[in-house]
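This report refers to the structure that appears directly beneath it.
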2 protein chains.
Amino acid sequence: MDGILVSYRLPPLNGLRAFEAAGRHLSFKLAAQELSVTPGAVSQQIKHLEQILGVPLFQRMPRGLTLTGHGEAMLPTISDAFERMSAAADAVARTLPTKALRLGVSPNLTEDPHGLLAKLANTEQSPDYVQITSTDDVANLLSGALDAILRPGPGPYPGMHAELLNLHQAFSPHAQASLVVWPGLAKCREFLKTRSLLGSPG
Amino acid sequence: MDGILVSYRLPPLNGLRAFEAAGRHLSFKLAAQELSVTPGAVSQQIKHLEQILGVPLFQRMPRGLTLTGHGEAMLPTISDAFERMSAAADAVARTLPTKALRLGVSPNLTEDPHGLLAKLANTEQSPDYVQITSTDDVANLLSGALDAILRPGPGPYPGMHAELLNLHQAFSPHAQASLVVWPGLAKCREFLKTRSLLGSPG
DNA sequence: CAGTTGAGTTAGATTTTCTAATCTGCGCGC
DNA sequence: GCGCGCAGATTAGAAAATCTAACTCAACTG
């Protein structure tokens with residue numbers, strides 16, 4: 001009958017996440033891209049958060065965003081808190097979700113005249129520790145469906161570990177490509193082996 | 001075509017919330033109580049989180065819980081991050097969600113022989129700044145449906161601002177009651193007025 | 001002035017999350 | 001030693017949160 005339990009008040013966490021991304025980009029559109037949803041979803045989440053808090057966080061202009069004083073006051077702490085959570089979770093999470101590194105390769109790179117992809121996928125040069133999929137979509141990293149992605153060009157990929165490689169036997173039409181992985185996987189054996197199969201640091 | 005956007009990886013936030021509460025209480029049941037859900041929901045959320053992270057966070061015994069090494073490593077940082085978020089949001093949130101203080105009064109106190117409740121609710125002594133509901137349920141505070149709750153007995157109400165009052169014209173059968181509010185509302189005008197109407201510091 | 005861009009809004013679909021009921025294993029008291 | 005109670009697991013189905021898709025609006029662009 002006794003022992004009333006309460007804890008600190010917490011606004012909707014997904015709304016906070018949307019706020020944090022939108023505040024960082026100062027754009028609902030970019031935030032939506034980062035979160036792999038539509039801008040409308042971000043708009044709704046943030047509107048909901050603002051209703052709960054009772055204060056507006058953004059000043060909407062027909063084109064672009066500004067943080068209100070409240071938003072500006074809140075953003076650094078929220079960003080920081082998410083970063084800490086992310087770091088804590090990464091430190092604990094199993095480094096490799098499966099026994100093999102699940103690698104997505106950009107379709108632009110699969111026009112492969114030298115068969116490097118095929119080698120990676122099928123020959124003894126590509127043992128069990130790498131699984132290849134033909135995809136370009138960074139969302140696969142975010143969702144955890146893939147561990148790494150190989151894409152032409154240098155990036156940037158803020159928040160991820162990305163290495164620009166000189167591909168060993170050039171994938172046409174690109175000589176260089178970025179190998180992008182979760183930061184936590186940058187030192188894992190499967191990643192290092194795969195990297196050396198693909199090329200050398202550029 | 002360019003401008004790939006990624007951010008830090010983040011496990012399911014609601015799962016983290018459940019983990020944090022369960023880790024603090026070392027009990028799914030108490031965590032569920034704190035979060036105003038059933039223990040089954042907590043169990044599911046945490047199982048999901050463990051699947052995403054790829055590591056177990058709790059060691060389940062038929063009776064009671066233990067944190068695994070991973071859980072123990074993660075808990076302090078996660079708790080800390082939630083506290084920071086909560087503080088940042090509280091600092092920014094409007095102190096009073098509506099113009100009136102929405103007060104819940106324990107049904108145990110409504111057997112009110114002296115009509116103080118009625119006075120509060122209906123007479124000129126209770127102006128527009130207080131709205132009374134007959135309820136006991138702390139979940140109404142957590143959900144934001146109410147701003148304050150008056151309950152017999154001393155608490156404790158960890159994380160909330162609670163004041164033990166000697167009720168002015170004793171509510172039967174209790175002479176003392178706790179006025180429990182969100183910490184952010186402890187200094188607001190409507191709260192102070194309502195408190196003085198109810199009683200004096202005990 | 002037409003075209004583009006970014007944000008708001010809505011209804012309906014989808015997915016997530018919760019509940020309620022049942023099951024399991026262990027400790028405790030009688 | 002043997003029910004009884006307690007805490008957690010599990011499930012199907014219900015409920016709620018969230019997302020999308022389509023459209024609107026306002027301002028900047030050339």
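By convention in this document, chain letters (A, B, ...) are assigned in the order of the sequence lines, proteins followed by strands, and residues within each chain are numbered from 1.
The shortest non-hydrogen separation linking Arg84(A) to Thr77(B) is O-CG2, 3.7 Å.
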**Message:** Run Leu179(A) and Leu103(A) through side-chain contact (heavy atoms from CB on, under 4.5 Å) and show every step you take.
**Reply:** CA-CA 9 Å; Leu179(A) 184 58; Leu103(A) 174 66; 3.8 Å; yes
**Request:** Test Leu67(B) against Phe58(B) for side-chain contact (heavy atoms from CB on, under 4.5 Å), laying out the working first.
**Result:** CA-CA 4 Å; Leu67(B) 283 163; Phe58(B) 290 102; 3.4 Å; yes
**Request:** Begin from the C-alpha positions of Arg24(A) and Glu20(A) and carry the test side-chain contact (heavy atoms from CB on, under 4.5 Å) through to its verdict.
**Result:** CA-CA 6 Å; Arg24(A) 193 150 30 80; Glu20(A) 195 273 337; 2.8 Å; yes
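Atom-to-atom, CZ of Phe28(B) to C1' of dT10(D) comes out at 13 Å; the value is rounded to the nearest Å. Rounded to an integer number of Å, the gap from Leu49(A) CG to dA17(D) C1' is 15 Å. The CD-P distance, from Gln33(A) to dC19(D), rounds to 16 Å in whole Å. Look at CZ on Arg17(B): it is 16 Å from C1' on dC18(C), rounded to the nearest Å. Whole-Å rounding puts the Met61(B) CE to dG8(D) P distance at 10 Å. Between Leu57(B) atom CG and dG8(D) atom P the separation is 15 Å, expressed in whole Å. Nucleotide dG8(D) holds its P atom 21 Å from the NE2 atom of His48(B), rounded to whole Å. When the P atom of dA7(D) is taken as reference, atom CG of Leu26(B) falls 13 Å away, rounded to whole Å.
With rounding to the nearest 0.5 Å, the separation of CG in Asp90(A) from CG in Leu10(B) is 9.0 Å.
Taking side-chain N and O atoms only, Arg60(A) has a distance below 4.0 Å to OP1 or OP2 of dG8(C). Phosphate proximity of dT18(D) to Asn14(A): present, with a side-chain N or O under 4.0 Å from OP1 or OP2. For the OP1/OP2 pair of dG8(C) and a distance below 4.0 Å, the side-chain nitrogens and oxygens of Ser43(A) include at least one atom meeting the criterion. Of the side-chain N and O atoms in Gln44(B), none sit less than 4.0 angstrom from OP1 or OP2 of dT16(C).
Listed candidates were dG8(D), dT19(C), dT20(D). Nearest to the side chain of Leu65(B) is dG8(D). Among dC18(C), dC19(D), dG8(D), the nucleotide with an atom closest to any side-chain atom of Ser27(B) is dG8(D). Checking dT9(C), dT10(D), dT18(D) against every side-chain atom of Lys47(A), the shortest atom distance belongs to dT9(C).
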